[in-house]
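Remarks on the structure that follows.
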Amino acid sequence: FSSMFQSIAGKANLDKSDLEPALKALKDRLMTKNVAEEIAEKLCESVAASLEGKKLASFTRISSTVQAAMEEALVRILTPRRSIDILRDVHAAKEQRKPYVVVFVGVNGVGKSTNLAKVAYWLLQHKVSVTMAACDTFRSGAVEQLRTHARRLQIPIFEKGYEKDPAIVAKEAIQEATRNGSDVVLVDTAGRMQDNEPLMRALSKLIYLNNPDLVLFVGEALVGNDAVDQLSKFNQKLADLSTSPNPRLIDGILLTKFDTIDDKVGAALSMVYISGAPVMFVGCGQSYTDLKKLNVKSIVKTLLK
Amino acid sequence: MVLAQLGGSISRALQQMSNATVIDEKVLNECLNEITRALLQSDVQFKLVRDMQTNIKKIKGKTSVVMFVGLQGSGKTTTCTKYAYYHQKKGWKPALVCADTFRAGAFDQLKQNATKAKIPFYGSYMESDPVKIAVEGVETFKKENCDLIIVDTSGRHKQEAALFEEMRQVSEATKPDLVIFVMDSSIGQAAFDQAQAFKQSVSVGAVIVTKMDGHAKGGGALSAVAATKSPVIFIGTGEHMDEFEVFDVKPFVSRLLGMGDWSGFMDK
Ligand SMILES: Nc1nc2c(ncn2[C@@H]2O[C@H](COP(=O)(O)OP(=O)(O)OP(=O)(O)O)[C@@H](O)[C@H]2O)c(=O)[nH]1
Ligand SMILES: Nc1nc2c(ncn2[C@@H]2O[C@H](COP(=O)(O)OP(=O)(O)OP(=O)(O)O)[C@@H](O)[C@H]2O)c(=O)[nH]1
Ligand SMILES: [Mg+2]
Ligand SMILES: [Mg+2]
């Protein structure tokens with residue numbers, strides 16, 4: 001019956017073995033919610049470290065102590081350290097008579113082009129004028145896809161067809177937007193695998209050459225353990241393959257397909273944890289209005305449920 | 001969670017292997033057999049493609065209709081062309097039908113791919129009913145004596161019932177000989193529920209796992225196999241038409257277990 005006492009009231013100080021069962025259960029729960037294994041492990045380690053040696057408050061269970069510490073950690077991680085206010089920054093750029101440039105990057109099929117169109121719609125709602133730049137010059141139908149959105153939203157699109165250097169197309173698009181007085185340029189890029197060196201080099205060139213105001217990583221909420229690799233390698237390759245001494249990295253995250261995952265919301269945590277970049281938008285459907293802000297509280301609640 | 005149930009048997013098999021002093025082909029094969037047995041016990045049908053009935057057989061004078069389904073962006077449209085191109089090289093007369101009237105640029109994408117591969121295609125910029133297009137396309141190509149008619153459909157997910165109903169209707173109207181579920185290798189824990197929902201709406205008979213040129217191990221694909229009780233027949237290994245391989249269990253399992261290539265493993 002000693003174990004019963006241990007779980008109710010404060011014995012001396014908590015040590016690792018006291019915490020282990022509760023932490024193991026918590027790690028498993030996070031993983032079934034689609035948090036990457038590596039991230040769930042690291043989180044549990046840091047929670048253990050924060051509790052070890054502490055006294056257990058009387059009348060609390062170890063599991064609820066661990067849960068509370070985890071909740072605190074999750075809120076801390078998911079709450080953006082640097083907040084980016086796009087609308088404010090757009091107006092600041094406007095005062096300098098420069099268009100505000102956003103580049104959408106990510107692996108294949110995650111929703112870059114569709115969510116670029118949603119962001120365009122959102123900007124239009126805020127009376128911001130937009131030009132789209134069709135810089136996916138590789139994938140079949142990519143230019144027509146963007147053209148369709150531009151037509152529906154009645155905004156200008158800069159395109160040069162296929163097989164052109166996307167870095168140059170982006171440059172010309174920005175020049176054109178400066179001429180026609182657009183407030184924002186949204187640059188679509190081709191999907192690329194994080195390990196594909198030539199494609200990552202081309203992306204880093206596009207970013208170096210055009211120095212955008214915002215590098216937005218688009219990732220899908222469906223992704224499992226690969227989320228960690230995608231974000232860390234995009235950052236690493238953007239740094240390593242850039243010819244600039246101060247290379248640009250991922251500034252923010254757009255998390256897509258949030259409507260397809262029920263309560264398996266863990267990818268949000270994996271992505272933010274590994275990159276330190278904030279989730280700026282959440283895509284939750286296939287129409288223009290399906291763009292939201294991340295609700296940190298509800299994510300944390302779902303993760304711990 | 002399929003993988004959790006599998007975990008025990010797989011780690012036992014690996015344990016046995018690491019206990020062996022010398023790792024040679026024999027030990028390796030034993031280990032692989034253990035793992036395959038574990039997978040089979042969990043309804044995961046990992047068999048090699050050659051003993052699979054799901055493989056479309058060429059019957060003289062008969063046309064096979066194959067319908068592609070899957071989540072948004074999983075790689076259906078790209079894989080349709082790869083599948084057509086693969087069979088074309090084997091002497092088939094394939095054709096592509098674009099029954100995706102939803103996604104912007106969907107028809108252009110299929111058209112450009114088909115043109116590159118010199119495969120006849122059917123679709124419309126005006127018609128918005130995918131069922132109508134699918135039926136027209138299949139009829140057209142039957143008349144033209146194509147023996148493999150491939151129907152591409154829109155991406156969809158189980159949370160939107162109307163999308164699943166549409167898929168059911170396309171399937172009912174075209175009566176496909178095979179429905180292929182296309183799945184992205186990077187998918188995480190949502191894989192099982194989504195795959196199962198697809199299986200419950202249409203009779204999925206095979207799985208193709210895409211983007212295997214990425215870094216993901218493809219564990220989610222295991223769940224899909226378990227949920228659909230259908231074998232993996234091909235994998236996609238790149239964006240180009242010929243980056244497409246017949247599925248082979250050995251490299252897949254070794255990658256899943258993070259062991260890299262078997263050959264590389266044996267050198268150690
Ligand atoms: N359910 C759902 N589907 C989405 C969402 N965002 C995008 N999609 C769908 O995902 C599919 C792929 O979207 P795209 O915008 O073409 O993706 P991409 O990243 O530009 O793809 P590539 O350029 O080929 O790499 C399309 O069918 C979109 O409609 C979302 O938030 N929810
Ligand atoms: N690297 C890599 N990319 C792939 C592979 N298969 C498909 N893709 C890419 O994944 C993206 C999405 O492919 P699509 O064929 O448009 O996917 P889909 O399922 O038809 O998408 P929706 O119709 O919008 O649901 C494109 O950028 C493809 O080029 C693959 O095996 N490897
Ligand atoms: Mg795109
Ligand atoms: Mg498609």
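Throughout, protein chains are lettered first and strands after them, A, B, ... in sequence-line order, and every chain is numbered starting at 1.
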Check: Counting N and O atoms only, with roles assigned by atom type, does the side chain of A/E144 sit under 3.5 Å from a partner on the main chain of B/G105, one being a donor and the other an acceptor?
Finding: no

Checklist line | Residues of residues 108-117 of chain A near chain B, each having a heavy atom less than 4.5 Å away | finding: A/N108, A/G109

Checklist line | Spacing of A/D229 atom CG and B/S186 atom OG [to the nearest 0.5 Å] | finding: 11.0 Å

Notebook entry, point to check: Given a strict heavy-atom distance threshold of 4.5 Å, which part of A/T148 is in contact with chain B: side chain, backbone, both, or neither?
Noted result: side chain

Note to self: Need one label for B/K111: side chain, backbone, both or neither, based on atoms under 4.5 Å from any heavy atom in chain A.
What the structure shows: neither

Check: If contact means a heavy atom pair closer than 4.5 Å, which residues of residues 69-76 of chain B contact chain A?
Finding: B/L71, B/Q72, B/G73

Notebook entry, point to check: Is the number of heavy atoms from other residues, nucleotides or ligands within 6.0 Å of NZ (A/K164) greater than 12?
Noted result: yes

Note to self: Taking CD in A/Q125 as the centre, count heavy atoms belonging to other residues, nucleotides or ligands within less than 6.0 Å. Is the count above 12?
What the structure shows: yes

Check: Between A/K33 and B/Q189, is any pair of side-chain heavy atoms under 4.5 Å apart?
Finding: no

Next item on the list: Select all residues of residues 189-201 of chain A having any heavy atom within less than 4.5 Å of some heavy atom of chain B, and report them by number, or 'none'.
Entry: A/G191, A/M193, A/Q194, A/D195, A/L199

Margin query: Within residues 94-103 of chain B, which residues come under 4.5 Å of chain A, heavy atom to heavy atom?
Written below: B/F102, B/R103

Notebook entry, point to check: Between A/I261, A/T256, A/D263, A/V223, which residue shows the highest count of heavy-atom pairs closer than 4.5 Å to chain B?
Noted result: A/V223

Check: Hey, is NZ on A/K293 packed in by over 12 heavy atoms from elsewhere, all under 6.0 Å?
Finding: yes

Check: Top residue by heavy-atom pair count (under 4.5 Å) with chain A, among B/D213, B/I187, B/T77?
Finding: B/I187

Next item on the list: Could you tell me the separation between the NZ atom of A/K264 and the CG atom of B/D193, rounded to the nearest 0.5 Å?
Entry: 4.5 Å

Next item on the list: Verify side-chain contact (heavy atoms from CB on, under 4.5 Å) between B/K211 and A/V107, making sure each step is shown before the conclusion.
Entry: CA-CA 10 Å; B/K211 311 182 195 176; A/V107 303; over 6 Å; no

Check: Considering all heavy atoms of both residues, which atom of A/T260 and which atom of B/A190 are nearest to each other, and what is their separation?
Finding: O-CB, 4.5 Å

Checklist line | Pairwise distance CZ(A/R139) to CD(B/E239) - rounded to 0.5 angstrom | finding: 8.5 Å

Item checked: Pairwise side-chain contact, A/D262 with B/Q159, heavy-atom cut-off 4.5 Å (strictly under) -> yes

Next item on the list: Please look at A/Q286 and chain B and tell me whether the side chain, the backbone, both or neither of the residue comes under 4.5 angstrom of a heavy atom of that chain.
Entry: both

Next item on the list: Could you tell me which non-hydrogen atom of A/H149 sits nearest to which non-hydrogen atom of B/A104, and how far apart they are?
Entry: NE2-CB, 3.7 Å

